[in-house]
Amino acid sequence: MTAHTPAEADITERAKGVLAPLHAGLLDEAESLYLDVHRHPELSHQEERTAALAAGWLEKGGFDVVTGVGGHGVAGVLRNGDGPTVMLRADMDALPVQESTGLPYASERRALDSEGAEVPVSHACGHDAHTSSMLTAAVLLARARHAWRGTLLAVAQPAEETGDGAQAMLQDGLYSRILKPDVALAQHVVPLPIGIVGHRSGPMMAASAVMKVKIFGRGGHSSAPQATIDPIVIAAHVITRLQTIVAREVDPASCAVVSVGTLHAGTKANIIPDAAELGISVRCYDDALQDHLLNAIKRIVEAEAAASGAPRPPEVEVIEGVPVNDNSPAPTSKVRAAHEAYFGKDRVIEMPLLAASEDFPYFGAAGAGVHYDGAAVPTVYWVVGSTSIEAWQSALGATPQEKVKHLPTNHSPQFAPDPRPTLLTASEAMVTAALSYLAS
């Protein structure tokens, strides 16, 4: 039997007391909230209904609530004596994905995206679970103020999928005019078995960026290419040359990806167009390396355009980007120890580096000196399994890595967390993590 420190044992006992109402009806309410949010997903920057639900839950819990922070962001503050300030964060936005789970509560919603096109909308990434479990944890802690001392900052964040929601909340004064925490906590559901909690100290998720490149040429008839400057040919050279960045400019010991996901040019086969547009995705696990990749792309695009005699320089713009999601080592160790004491070490696993990305780092070191003043806020980010035991056991493969390949993952039209047990574990994980900081 594993021995735990007195502090960890105390956190576990307090967590059991705080979490008792889950089994006395609150889990039913949490599941109802989840199903409601799942049926009514909202795209990034459009989370008005979800934000109202979040504000309502926090107000009923006794939080002082501020809405409209950086768009549809919601911040709830609950002061409960002397002690540290702990931030609980959840993201609210959904994706332009047509849900195909076949579930009775599947989303059938459609909405207009930022460009005015009608698109299907669903919670294919699990933000409905994040919001529901965070609000549940906040209400549980509010009902058990005798078990802790300090201040809770509950944050329902918009626009995570577009990578700018966290920055918008900070720029609108989340830390400067509302409250700056001593630690920020967040979690994400993933296709691991129900009941599993995954941790990693240091870099956990990749930095990512999306670049929009427009290459200019001189159009004309395809029968007279000598009278044109073909932007499609320039784009082809760019695409080929970009492959040398990772192969020849990045240390083989480092991981990096440079992928061209879109190429748009022309309207007819016998017309050479005036311009071509590329969409380029970049991912890596080091912010300095990300800067190098972006600069290398710009250098190559400009050089190829110049070499081809383009009539004007290309336009190169970073339209989305987030830094590495880097867990603060000491706080991560503290939260992990609390999770191991509560769940047992067999349910808390070490996570590999994840190629997915998050804008949560802006609430920590990535935002210090840019979006808020003073010392960086330590951050801890973990994952929670959301796959039913039956689905996990029936998935092909002998190892977790092999099984995950045969399960619907985040952003899949078939991604479907098992609601009740997922919310239970996620609520337990967030309460326990908060209590690892909140004084007894």
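Side chains included, hydrogens not; waters and symmetry mates left out as well; all remaining heavy atoms used.
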Closest heavy-atom pair and its distance - L289, C284: CD2-CB, 3.9 Å

Donor-acceptor side-chain pairing of Q414 and S412 below 3.5 angstrom: no

Side-chain donor/acceptor of D359 to backbone N/O of A166, under 3.5 Å: yes

Close side-chain approach of V119 and L43, heavy atoms under 4.5 Å: yes

Shortest non-hydrogen contact from T50 toward T131: CG2-CG2, 4.5 Å

Pair L152-L438, side chain to side chain contact (heavy atoms under 4.5 Å, CB included): steps then yes or no: CA-CA 9 Å; L152 277 175; L438 295 169; 4.0 Å; yes

Quiz: residues 190-202 side-chain donor-acceptor pairs under 3.5 angstrom, not counting sequence neighbours:
from, atom 1, to, atom 2, distance (Å)
H199, NE2, H339, ND1, 2.8
R200, NE, P203, O, 2.9
R200, NH1, M351, O, 2.9

pair E29-V139: side-chain heavy atoms closer than 4.5 Å: no

Exceeds 12 heavy-atom contacts within 6.0 angstrom, atom NZ of K214: no

Spatial distance of atom CE (M204) from atom OG1 (T332) [nearest 0.5 Å]: 9.0 Å

Over 12 non-hydrogen atoms of neighbours within 6.0 angstrom of CZ in R241: no

Residue E108 excluded, over 12 heavy atoms near CD under 6.0 Å: no

Pair E160 + R89, salt bridge at N-O below 4.0 Å: no

Under 3.5 Å: donor-acceptor pair, side chain of D287, backbone of V324: yes

Test: E13 and K16 ion pair at under 4.0 Å: yes

Candidates D251, V246, I245 - the one meeting side-chain contact (heavy atoms from CB on, under 4.5 Å) with E249: I245

Derivation of the side chain to side chain contact (heavy atoms under 4.5 Å, CB included) call for M205 and V383: CA-CA 11 Å; M205 301 174 80; V383 298; over 6 Å; no

Separation between CG of D418 and CG of L424, rounded to the nearest 0.5 Å: 11.0 Å

Distance, nearest 0.5 Å, that separates OH of Y175 from CG of L153: 7.5 Å

Contact summary for H45 and A159, nearest pair of heavy atoms: CE1-CB, 3.5 Å

Side chain S357, main chain A206, donor-acceptor under 3.5 Å: yes

Backbone N/O of H130 and side chain of S133: donor-acceptor pair under 3.5 Å: yes

Side chain proximity check, K180 to T85, heavy atoms < 4.5 angstrom: no

CD/E48: more than 12 non-hydrogen atoms of other groups inside 6.0 Å: no

Trace of the ring-ring contact (aromatic ring centres under 6.0 Å, His included) decision for H411 with F415: CA-CA 7 Å; H411 290 218; F415 183 67; 8.8 Å; no

Passing candidate, side-chain contact (heavy atoms from CB on, under 4.5 Å) with I280, options I297, T262, L294: I297

Smallest separation among heavy atoms of A338 and T432, with atom names: O-CG2, 3.6 Å

Flag, side chain of K403 to backbone of A395, donor-acceptor distance under 3.5 Å: yes

Side chain to side chain donor-acceptor pair (under 3.5 Å) partners of residues 69-84, not counting sequence neighbours, each pair once: none

Aromatic plane relationship, H371 with Y362 - under 30° parallel, 30 to 60° tilted, over 60° perpendicular: perpendicular

Backbone of V121 reached by a side-chain donor or acceptor of S107 within 3.5 Å: yes

Candidates P120, P41, S122 - the one meeting side-chain contact (heavy atoms from CB on, under 4.5 Å) with R109: P41

Minimum heavy-atom distance between S436 and I11, given as atom pair plus value: CA-CD1, 3.6 Å

Mutual orientation of the aromatic rings belonging to Y34 and Y105 [parallel < 30°, tilted 30-60°, perpendicular > 60°]: perpendicular

L423 vs T136, side chain to side chain contact (heavy atoms under 4.5 Å, CB included): CA-CA, chis, key distance, verdict: CA-CA 9 Å; L423 293 173; T136 301; 6.0 Å; no

Whether N295 side chain and D291 backbone form a donor-acceptor pair below 3.5 Å: yes

